[in-house]
Each structure stands twice: as C-alpha cells, then as structure tokens.
Protein chains: 2
Amino acid sequence: MIDRSSSGPELSRLAHLSCHDCSLARLCLPLCLDETDIGRLEGIIKRSRPLHKNEYLIRAGDSVQHVYAVRSGALKSYLLNPDGADQITCFHLPSELIGLDALGEERYPSYSVALETSMVCAIPVHQLEELAGQIPGLRKQLLHTLSREIHEEHEYRSHARESAERRLAAFLLNLSARYSQRGLSPLQFVLPMSRGDIGNYLGMTTETVSRLFTRFRELKLIAGSGHEVHLLDIQRLCRQGDTSGAKQF
Amino acid sequence: MIDRSSSGPELSRLAHLSCHDCSLARLCLPLCLDETDIGRLEGIIKRSRPLHKNEYLIRAGDSVQHVYAVRSGALKSYLLNPDGADQITCFHLPSELIGLDALGEERYPSYSVALETSMVCAIPVHQLEELAGQIPGLRKQLLHTLSREIHEEHEYRSHARESAERRLAAFLLNLSARYSQRGLSPLQFVLPMSRGDIGNYLGMTTETVSRLFTRFRELKLIAGSGHEVHLLDIQRLCRQGDTSGAKQF
DNA sequence: CGAGCGATTGATTTCTTTCAATATCGGTGG
DNA sequence: CCACCGATATTGAAAGAAATCAATCGCTCG
C-alpha cells in the first residue's frame, strides 16, 4: 500500500537561500552564531524542491548524506519493525531537524515522509561535522539539540505510563507550545497528522484517539472538527486525568 | 525516604588512570582514536572515589560540570516529575556515558544514583567540547553516541505498545547483549536493579514484573532466583508474546 | 457519483493495575 | 548466633482502562 521506493528530492544550492532572512533562525541551528558563521553555515546548506504530501524525504536504509531542517510544512518519522509494524517516532515542525538518529551511521534507521506540502533545507553531514569542528557555537548548538532530543524522549517515557487521556492532552499542549514558538496561535491550529498517526505516536489505537477527541469536546476542553483544533481550557487540559480533576469538582 | 541531598563524589586526577589500559576503551569514547588523541582525552578525565550503593552521582538541578563514563558497577538515571513520581530513564553499565541529556544545559535534568558499588570517570563538559573541536574522531564518536541514544529511545517507543511480557523479555535480552559486549556471560548474570526499578523503567507495576518472572520460570525460559538470571531459551524469549509462539505449539 | 480511506461509535474481551495479604531477604542489634 | 525489623518480592482476587471486533458514517478524489 505504502510506496517507500520513490527517489528522494532533487537538491539545489539556491542563491537566495539565506538563514539571515529565515524567520526560524532563532529556533534552528544558526542560534547564537554571528553573521560570519551564519554565512559559513549557509554555504553548505541546500534547499530541495517542495515535497508534496506523502512524499518521502528519507527511506530507512538510504545512505546517510544529509540532515534536514524543516523550512515549512510538517513531516513524520517512523521506524519499521521487523514484524512489519510502523512506529512513528517524531513529528517535525518548521526549524526542527530530521535525521539526528543517523549521525555516525552508514544508513538511515528511519523513514521520513511529508504530512503536507513541505520545504526542507538539506545539510551535508560531513560538512556539518567539519564546520562543527571549526565553529564552537555551532558545535555547542548541535550537541545541545541532540541532548535535548534525548531529554525529550526521556520525558515521553514519563508520560507513557499515564492514561491515554493525559497523553493525548499532553500531546495537544506540546503541539500548541511548538506552534506558539513559531509565531502561530497556541489556541487554534490544524493537525497535520491523522488520528491514526496520533494514536501510533502515543501508543494507543485510532479508536481510542477518536473517543478521546469526542470526550474532550464534550468536556468543552477543545472545539473544532476534523483536523481543526481550538484549545478552550488549557489549565484544565494540563490536569486532564488527574483524580483531583473533573471527577471531584 | 530518599536522600537526594548528599554532596557529590570527590574528584581526583590520578596518574594511573589510563584509557589505554582500560578494557572498555573499545566501547567508550576513545573508540577509533589514535594513541596521541587518547592521551589528550585522558588528560582531561578525572576519576572519582568509588560510589557506594544508593549514593548519588548527579542530582537534578546541580550545575552541569561533567559527563561521566561508568568504569565499573551500575547506575540508574531518573527524572522526577512535577507530581513527585520518579521515572527511570536509563540503566548505565560500564563504558556507558551519563549526563548526555545535559549537554548545553545549565543544570542536570535528571538524577543518577549507584545501584551497586561503582566507579566512574568524570569528563569536564567544557573541555570535552573543546577537545571535540580539535579531534575529528572524538567529535564523530560523541555525535554518534548521542545519535545512538536517540535511536535507542525511538526503539523503546516501538516496544512500549507491546505486551508487558514482550517488554520484559526484550529488556532481559538487551541486558544480556550488553553484558556480552563487556565480556561477561550473555546467559547468566545478576540484575543490579530491583523488580520495582525494572517495572518503573518498562512502564509496568512491580507486581506485573514479579508475575512475569514467575511465568518465565514456569515456561522454562529463565531460571535463577532473586536477582540472579539464567537465560535458558533465547530464541523463545525473542518471540515471547507472539501469537505464533507458545500458545499455538 | 461511486469507491475507498479515515473517523466515529458501540459491544465485548483482555490485559494490566489496584488493593490486599503473605513471604522472603538482608541487615542490625541483643 | 539468632531474633527481629523494614524493605523487597510474591501471590491472589477484583476492578478498570484500553484493545479488539464490528458496523456505520462522511469526506475526498478519481
């Protein structure tokens, strides 16, 4: 059903590609770099043509050439288990890096595919490593980004044991915060992924996700239909599933 | 109950501390470095006095000074949630690094505590970053280690949805492989952590862990009492929980 | 306009947790 | 050396949350 075999995006180094002008610079690798160093980073970055929905950026097993920074749109990454089951590991929003699980590897361990029309910047890993040797700020930032990713995965573990209700609430709040960082509304956004994707990511079934959306709507925690979400009561959403929450008061 | 307030281990740079002679070098940071570069790495490494069981190496909130490499023994790291619940994020065996979730941070996010008498090497993060700028092989290795950690956390996600039975089986097999890498028996080892720790780490209750150990023993998958484990049938343990497994045949 | 996938809703089953009661281990002090 | 204590581990019975199985709905795209 799923075509994982189509070839990757063509890459071109475009003259007008500039981290200087990019609104995401403060969230992305250039963070903390001075003008000169940003210039050096720009020098190795390539931009691909837009990926359309369901188009693959990376296929597991591909030889590792680049890490990617999302410029616009949204992607998901997933692992394909030996038994054939997918496990979504990340949703990537603009400024976030893709391929951090492949540094030092020969081949990418996971797939990355566009959830909607998306643009990415491609950064050759060898040149990035080289540049990280020369620019302390870039080195620091790269290590920090990797470290943060590890920490976030650890935090995911903390959630994993909690109820499906709490996990979904936390997921929505996490998305809200990330959209907010990117200058979008924290209260109103469109989910780029399906119910099935959310369930897969959070470790629950599509049916459970669907029921929880319904419940959250009934409780007036959220509004919106389909992929549209309005967060109506962030405070209560934070506490969702608490025994001290809706049940007692 | 838990004392998280005692001060950290004293550090000393010991003349006889040598990565050259360390049997763990091929698993640890020195991997792939030549003699000269190993010497440079050694130059910044300090060794602490032994930590005794339940002694803290790191407390969340401490200012980040070092990452640590386990030299002997075993430690666990855990996050303390806002609601007061611990979540164990890692068990650390010899050669493994502690504090990778703190790079680029002011303060450690997690606690690390010895599960048994342990020795660690302390590596000042600033000097490590500096050295990673100068030694491409070290930079590569550091990035690779971080990247692998991310990948392993992603793989954990794949397991998270599986049955408790499978998760515990996978956990035992993972430990087995890690002991084997370190020159110990893959079939017979002593768990350094409690049932409670295992349950916490895997996202299940102590009772469930205990029941599963009993079941595995009944199925002749493992033997041994208490913290002792003998793996009797690795093949079957790999498939544990499969519908194509014990139930049908 | 029909086909098909994604989403929703319902009924039932199953696995794991929770609550509760021992049992056992390791260490301490008499 | 042995008895006792707390912590850890085991075992059982009951309850609960989410999965599974199943049916329907609705939207999007040829």
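For residues 188-204 of chain B, proximity to DNA chain C is found at B:Gly203, B:Met204, defined as any non-hydrogen atom under 4.0 angstrom from a strand atom.
With sequence neighbours left out, the side chain to side chain contact (heavy atoms under 4.5 Å, CB included) criterion links B:Leu187 to B:Ser185, B:Leu231, B:Ile234. With sequence neighbours excluded, no residue forms a side chain to side chain donor-acceptor pair (under 3.5 Å) with A:Ser225. Annotation: side chain to side chain donor-acceptor pair (under 3.5 Å) contacts of B:Glu152 (sequence neighbours excluded): none. Scored by the side chain to side chain contact (heavy atoms under 4.5 Å, CB included) test, A:Ala60 finds A:Tyr111 as partners (sequence neighbours excluded). For B:Ser110, the side chain to side chain donor-acceptor pair (under 3.5 Å) criterion is met by B:Asp101, not counting sequence neighbours. With sequence neighbours left out, the salt bridge (charged side-chain N to carboxylate O under 4.0 Å, His left out) criterion links B:Glu105 to A:Arg148. Partners of B:Glu155 under the salt bridge (charged side-chain N to carboxylate O under 4.0 Å, His left out) rule, at least two apart in sequence or in another chain, do not exist in this structure.
Spacing between atom CZ of A:Arg215 and atom C1' of C:dA7 amounts to 17 Å, rounded to whole angstrom units. Atom NE2 of A:His227 and atom P of C:dC5 are 16 Å apart (whole Å). Between A:Glu228 atom CD and C:dA7 atom C1' the separation is 16 Å, expressed in whole Å. Computed from coordinates, the B:Phe213 CZ to D:dT11 P distance equals 13 Å when rounded to whole Å. The distance from atom CD of B:Glu162 to atom P of D:dT20 is 12 Å, rounded to the nearest whole Å. At whole-Å resolution of the value, CZ in A:Phe216 and P in C:dA7 are 17 Å apart. Protein atom NZ of B:Lys53 is 11 Å distant from nucleotide atom C1' of C:dG27, rounded to whole Å.
Under the side-chain hydrogen bond (donor to acceptor under 3.5 Å, both in side chains) criterion, the residue pairs touching residues 212-222 of chain B are B:Glu165-B:Arg215, with sequence neighbours excluded. Within the structure, every pair that satisfies the salt bridge (Lys or Arg N to Asp or Glu O under 4.0 Å) test and touches residues 174-203 of chain A, not counting sequence neighbours, is listed here: A:Lys76-A:Asp197, A:Glu96-A:Arg178, A:Glu96-A:Arg182.
Counting only heavy atoms from C-beta on, A:Ala164 has its side chain closest to D:dA18 among D:dA18, D:dT10, C:dT9.
Under the 30°/60° scheme for interplanar angles, the aromatic rings of B:Tyr156 and B:Tyr201 are found to be tilted.
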Give every pair of a protein N or O atom and an N or O atom of nucleotides 18-20 of chain C that lie under 3.5 Å apart, one pair per line with the distance.
unit_1	atom_1	unit_2	atom_2	d
C:dT18	O4	B:Arg211	NH2	2.9
C:dC19	N4	B:Glu207	OE2	3.2

Scan nucleotides 25-30 of chain D against the protein and return all N/O pairs shorter than 3.5 Å with their distances rounded to 0.1 Å.
none

For this session: Check the pair A:Thr89, B:Ile150 against side-chain contact (heavy atoms from CB on, under 4.5 Å), reporting the backbone distance first and the verdict last.
Result: CA-CA 10 Å; A:Thr89 53; B:Ile150 291 171; over 6 Å; no

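OP1 or OP2 of D:dA9 has not a single side-chain nitrogen or oxygen of B:Ser210 nearer than 4.0 Å. Put simply, B:Thr214 has a side-chain N or O that comes within less than 4.0 Å of OP1 or OP2 on D:dT11.
Residue B:Arg161 is out of contact with every strand shown, counting any heavy-atom pair closer than 4.0 Å.
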